[in-house]
Amino acid sequence: MEKTFQGKLGTYIVRETEDKSLTIWSGFFDENCHSLAGAINETIYNYLEGAEVLPKLTEGRPCSVFEVGFGAGIGPKLTINKWRELGAKAPLSFISTELDPALVEFVRDNSEEDFLKNLVRDENGHFVFKEGLLTFKILIGDARKTIKEFQKENHLIDSFYQDAFSPKKNPALWTVEWFEDLKIIAKDQAVLSTYSCSNAIRKSLVQAGWAVFNRKGFGTKRHATIAKSQGESSDEILLSLSRSPVVALVDQNL
Ligand SMILES: C[S@@+](CC[C@H](N)C(=O)[O-])C[C@H]1O[C@@H](n2cnc3c(N)ncnc32)[C@H](O)[C@@H]1O
């Protein structure tokens, strides 16, 4: 039977996906955190592979990840476990963001992983786990605000997991302003990966100064998007964006 719980934003339902891994449906956003085709496989494909984290962990290079939306915690779970499995040879920092602290508490209290079970809240209400070369932090609150504080820390990012709910349901995290904020904390060779291939979000990325590329989507999805903090977008993308009447998303509430 599906498990239901109450968060700060509303009701959540824990659901099994096709690869037997669990995802969480949010009543507030009326969407699942993952494709029902498989939460784990989707996360490996879209983020550990798409945002080029795996080569860094394999080669023992330092790696800093910024995740847009903690949700069910699958992103950090897979990344940190993979880092450990590959020998934890260099520092890993994993920064996530989450609007609903009750969701983080639910994941923490139902988790086997030490880095989730032992998360503690700091003086600003963010969740933190630090051990040796690992720093894991979940910034609590609207990411559009918490990123402004994070920018002051001068902590630059290699890989972005752009994993908000869909642009339709969660437009605030797909705007030109949002991608400009991500660019401020991006290293020169940073890579952003996302499951969305909408022309509107690709236009937002291009306007925010990212170079945009097409990638095959997970499972039956035809396309996904990669963006790089330096370089030029692919000609094919620029041509198709120039032919599309949709406009970039802008933040209405800033
Ligand atoms: C698709 S889920 C993320 C799934 C997650 N990456 C995982 O692997 O389990 C999106 C998450 O973004 C959070 N979110 C939505 N809007 C937000 C905002 N403005 N600031 C911070 N988090 C937000 C939602 O509450 C939700 O938990």
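None of these values were measured; they are calculated from a predicted model. Whatever order the structure lists them in is the order used to number ligands and atoms, beginning at 1.
Counting only residues at least two apart or in different chains, ring pair (Phe, Tyr, Trp, His ring centres under 6.0 Å) contacts with residues 185-206 comprise W174-Y195. For residues 102-112, the salt bridge (Lys or Arg N to Asp or Glu O under 4.0 Å) pairs, not counting sequence neighbours, are E105-R121.
When the heavy atoms of N170, L22, D163 are ranked by distance to atom 4 (C) of ligand 1, first place goes to D163.
In terms of protein heavy-atom proximity, atom 27 (O) of ligand 1 is nearest to E98 OE1, 2.6 Å. At the shortest separation from atom 17 (C) of ligand 1 among protein heavy atoms lies L173 CD1, 3.5 Å. Counting protein heavy atoms only, atom 11 (C) of ligand 1 is closest to G69 CA, 3.6 Å. Looking at atom 2 (S) of ligand 1, its nearest protein heavy atom turns out to be C33 SG, 3.4 Å. Among all non-hydrogen protein atoms, the one lying nearest atom 21 (C) of ligand 1 is L99 N, 3.3 Å. The single protein non-hydrogen atom nearest to atom 9 (O) of ligand 1 is A72 N, 2.9 Å, given as residue, atom name and distance. Shortest contact from atom 20 (N) of ligand 1 to any protein heavy atom: A143 N, 2.8 Å.
Shown in contact with I74 at under 4.0 Å from a heavy atom are these atoms of ligand 1, numbered in order with element: 7 (C), 8 (O), 9 (O). Against a heavy-atom cut-off of under 4.0 Å, L103 is close to the following atoms of ligand 1: 27 (O). Close approach of ligand 1 to G141 is summarised as follows: ligand atoms under 4.0 Å from at least one heavy atom of the residue are 20 (N), 21 (C).
In summary, of the residues considered (T97, V107, D163), a side chain to side chain contact (heavy atoms under 4.5 Å, CB included) with F70 occurs for V107 alone. Tested against S93, the residues K137, K130, H155 include a single side chain to side chain donor-acceptor pair (under 3.5 Å) partner, H155.
Within the 4.5 Å cutoff, the side chain of F136 has heavy atoms near those of the L116 side chain. Between L182 and Q162, some side-chain heavy-atom pair lies under the 4.5 Å cut-off. Considering only heavy atoms from C-beta on, S26 stays 4.5 Å or farther from K169 through its side chain.
The shortest separation from a heavy atom of E31 to ligand 1 is not under 4.0 Å, leaving the residue out of contact. The shortest heavy-atom distance from F28 to ligand 1 is not under 4.0 Å.
With hydrogens and angles ignored, the 3.5 Å screen pairs a side-chain donor or acceptor of S233 with a backbone N or O of V212.
Taking the six-membered ring for Trp, W83 and F115 have ring centres at least 6.0 Å apart. Aromatic pair F94/Y161: centroids less than 6.0 angstrom apart.
At a 3.5 angstrom cut-off on N or O pairs, D100 does not count as close to ligand 1. For ligand 1, the polar-atom distance check finds an N/O of D142 within less than 3.5 Å of one of the ligand's N/O atoms. On a distance-only criterion, G73 and ligand 1 share at least one N/O pair closer than 3.5 Å. Looking at G75 next to ligand 1, an N or O pair under 3.5 Å apart turns up. Residue H34 has at least one nitrogen or oxygen atom sitting less than 3.5 Å from a nitrogen or oxygen atom of ligand 1, judged on distance alone.
Contacts between F70 and ligand 1, counted as non-hydrogen atom pairs separated by less than 4.0 Å, involve the backbone only. Under 4.0 Å from ligand 1, the heavy atoms of E67 that appear belong solely to its side chain.
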Problem set entry | ring pair (Phe, Tyr, Trp, His ring centres under 6.0 Å) between F66 and F150, intermediate numbers included | CA-CA 11 Å; F66 190 93; F150 185 72; 5.7 Å; yes
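Counting all heavy atoms, side chain and backbone alike, A248 lies closest to V176 at CB-CG2, 3.8 Å.
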